[in-house]
Every structure is written in C-alpha cells, then in structure tokens.
Amino acid sequence: MYKRQLRARYADFGPTLAREKLFEHHGVAVSTETLRQWMIDAGLWVPRSQRPRRAHQPRPRRSGLGELVQIDGCDHDWFEDRGPRCTLLVYVDDATSRLMELRFAASESAFDYFASTRTYLERYGKPVAFYSDKSSIFRVTASEAKKTPGITQFGRALSELNIDILCANTPQAKGRVERAHLTLQDRLVKELRLQGISTPEAGNAYLPEFQADYNARFGREPLSPHDAHRPVREDEDLERIFTWQEERKLSKNLTLHYKRETYLAEPGPETLLLAGERCRVHEHEDGRIELRHQGRLLPCRVFVDPEPRVLQADIVANKRLGAVLAQIQKNQQERDRARLASRKLTLRQKERIRAAQVRGDAVAPGPAAG
C-alpha cells in the first residue's frame, strides 16, 4: 500500500522528504536509506554517484549571525499549474544557512525588495552587509552609470541605514542562497501542493510556518555566539527610507514633472519661498506621491494637463513586464477619471457663463459653485 502511495503522491519527492510525508500522513515508518533504495529500484531516484559531478572551491562561512546575508530572487512555477508563475525573494544568513526572510512577488522589483528588507529589519535589526548578484536593482549598470548618481534606489536606502551591499562575481560565490533555491524548488513546491495553496497571498501567509520547519531541519549554529545585527534607530524612518526617491526642481509656478505627471506644490507662505529650489519626490509602493524639501513634507497635488504631451517610451525588463502592465492599466484608469472630472467642471463653467450672459450679469469665469 505504501509503495502505491509513494508512486502516486510522492514520485518526485526526495527520499528524506518522502519518508517524512509517509509517516506524517500515512503512519508508515521506514528508514531513509531503505526508502532511497526502493526509489532507486523503481526509477524514482538517481543515486548521487550517477549524477554529473561539479566542483567549485568552497568559501568559508562567516562566523556570526548577521555578518553577511545572501539575497536573491528565484523565478519558478511555485504553484505548478494551480496558480501564476512568480518570484520568491530569499534571504539566507551566511553563517547559519537559516532562511531569514521569504516573500512571493510578481517579479524582482525595488519595491518588493524594499518590503522584504523592511520586514527583515523590523524582525532582526540591521545586518553588516547584504550579498547579491549584479542585478540592476543592486548595482548600476555601465550604460546607466552616465545618467545616474552611481547608486541604485535599493543601494541608496541601505546607505541611509548604514548597511553595505556587496555583489558576487559568479553565482557560485553566493552558493548558500543558490543551494537554498534548489531545496525550496523541491520541498516548498511539494508543501504548497499538499497544503492546497495556489496563490501568492496564501503562500506568503504559509511561509513563516515553512521557514521555521526548514530552519529547524537545516539551520546550523554559528561559529561565534555574537549577533552582528544592530537595532534600527528611532530617527531612521523605514517608511520614508524605503520609497523610490528622485530629485526635481520646482518651477516658478511651484510645479515639477515626475513620471509623466505634473505636480503642483500648494501655494503658501512656506512653499512660495521654494520656487527654483530642488525638492525630492518620494513614491510609495501603493503609488502615493510625497514632496519633501530638506526632509520637510510639502502639500502637493496632481495638475491635470488638458493636452498631455507625447513622451518617449520607457525601457522595461522582460521579467517585470507583467507587473508594469498592471500598474499602467491602473494609472490609465486614474487619469481617465481625472480628465473626465476636469471636462465636467469645464462644461459647468461654460454653462454658468452663458447663463450669466443671458441674464446680463458680469460673471468672471471661475470654479463652478458646489
């Protein structure tokens, strides 16, 4: 009976994981080695001796927790045919191989790393450094270096928090997180299947439970008992730091342009003095825009241009295309609503003026009465 269960439900499981599930769900107690031999005989498992060999020079682990945290995203069919393909952001401590943070996201984007890193910092504190690949999220590419200050948005946020970001030259250099990907693609996929989870939202709710079990099985004690994490200071506003930030110059009319929109700083005693000054635009993950000058929040609103300009097309990486298109649709709907409201207001103004002319009143064109 248990051999039928093995072939029917756990054919693509490794011997260790299959033994755990046979015991948890079917009460079958069998040793890992015995089960491994059964799976080899049945053609369900390839012995390590028969696999292609790869040799990479190992790098010694760091000695303490929080000295170096490897981060990477893994695009995979995590929900198989039950849900959308997505990316799992993975944070692995180099000294202990523990999973420190997991999050399903539509793609590897700055905002997704902002959210994951903020959760990490609130839970553990600030590590000494993060270790990543050479993705454009972490490192400015040669083609962009001439147009940018030489630091990415993620790098700028870490710099404000006094955390270093290091980039590996090869995938093998960050082998801890690369090996974690392989284990997760095996174990996590099957656990999601057994739990009947088919959406990223439900997956994120389940990940803490999986993470605790994974660390109990595969985590190891650090060589040094010293925890290198530092607490987040009270003056380090994580909500402000983990925003997309760009500098713009306020015109004499107190307007600035950002991502195809014109923003107007509300005229007032403080803002009128800032004409011609450089301000910083803060964009939140939910699309909210804040305008700040030397850290001070300025009241602003979107100015709707009745004749929008035709702008050059943006360059979008293929892996972010789906998420970008969803945001474009949302922005288009909001602009359509704003322009419709503006046209209705203009029509009411014209009707008010015509009515006043018929009556012979001298009415200056202005906002329609509420």
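Index from 1, following the sequence.
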**Request:** Output yes when Glu290 and Arg240 qualify as a salt bridge under the 4.0 Å nitrogen-oxygen rule, no when they do not.
**Result:** no
**Asked** Is it true that Tyr113 and Phe130 have ring centroids separated by less than 6.0 Å?
**Response** no
**Fill in**
Closest heavy-atom pair, Asp112 versus Ser107, reported as atoms and distance to 0.1 Å, is OD2-O, 2.8 Å
**Message:** Check this for me: does any side-chain nitrogen of one of Glu201 and Arg103 sit under 4.0 Å from a carboxylate oxygen of the other?
**Reply:** no
**Message:** Does the Lys NZ or Arg CZ of Lys190 fall within the cation-pi geometry relative to Phe13 - under 6.0 Å from the ring centre and within 45° of the axis?
**Reply:** yes
**Prompt:** How far apart are the closest heavy atoms of Tyr10 and Met39, and which atoms are they?
**Reply:** O-CE, 4.3 Å
**Request:** Would you mind checking if Glu80 and Arg82 are paired as a salt bridge, meaning a charged N to carboxylate O distance below 4.0 Å?
**Result:** yes
**Item:** Pair His76 + Phe104: ring centers closer than 6.0 Å
**Value:** no
**Message:** Using a strict threshold of under 4.0 Å (side-chain N to carboxylate O), is an ion pair present between Glu101 and Arg123?
**Reply:** yes
**Prompt:** How many angstroms lie between CD1 in Ile71 and OG1 in Thr117, if you round to the nearest 0.5 Å?
**Reply:** 6.0 Å
**Request:** Quick one: pull up OG1 in Thr243 and CD in Gln153 and give me the separation to the nearest 0.5 Å.
**Result:** 7.5 Å
**Request:** Measure the shortest side-chain to side-chain distance between Val92 and Leu99 over non-hydrogen atoms and say whether it is less than 4.5 angstrom.
**Result:** yes
**Residues His284 and Asp286: side-chain donor-acceptor under 3.5 angstrom** = no
**Request:** Return the orientation label for the Tyr214 and Phe210 ring planes: parallel under 30°, perpendicular over 60°, tilted otherwise.
**Result:** tilted
**Item:** N/O donor-acceptor pair under 3.5 Å between Glu67 side chain and Gly64 backbone
**Value:** yes
**Asked** Between Arg187 and Glu20, does at least one N-O distance fall below 4.0 Å, as a salt bridge requires?
**Response** yes
**Message:** Under 4.0 Å between a side-chain nitrogen and a carboxylate oxygen: does that hold for Lys174 and Glu178?
**Reply:** yes
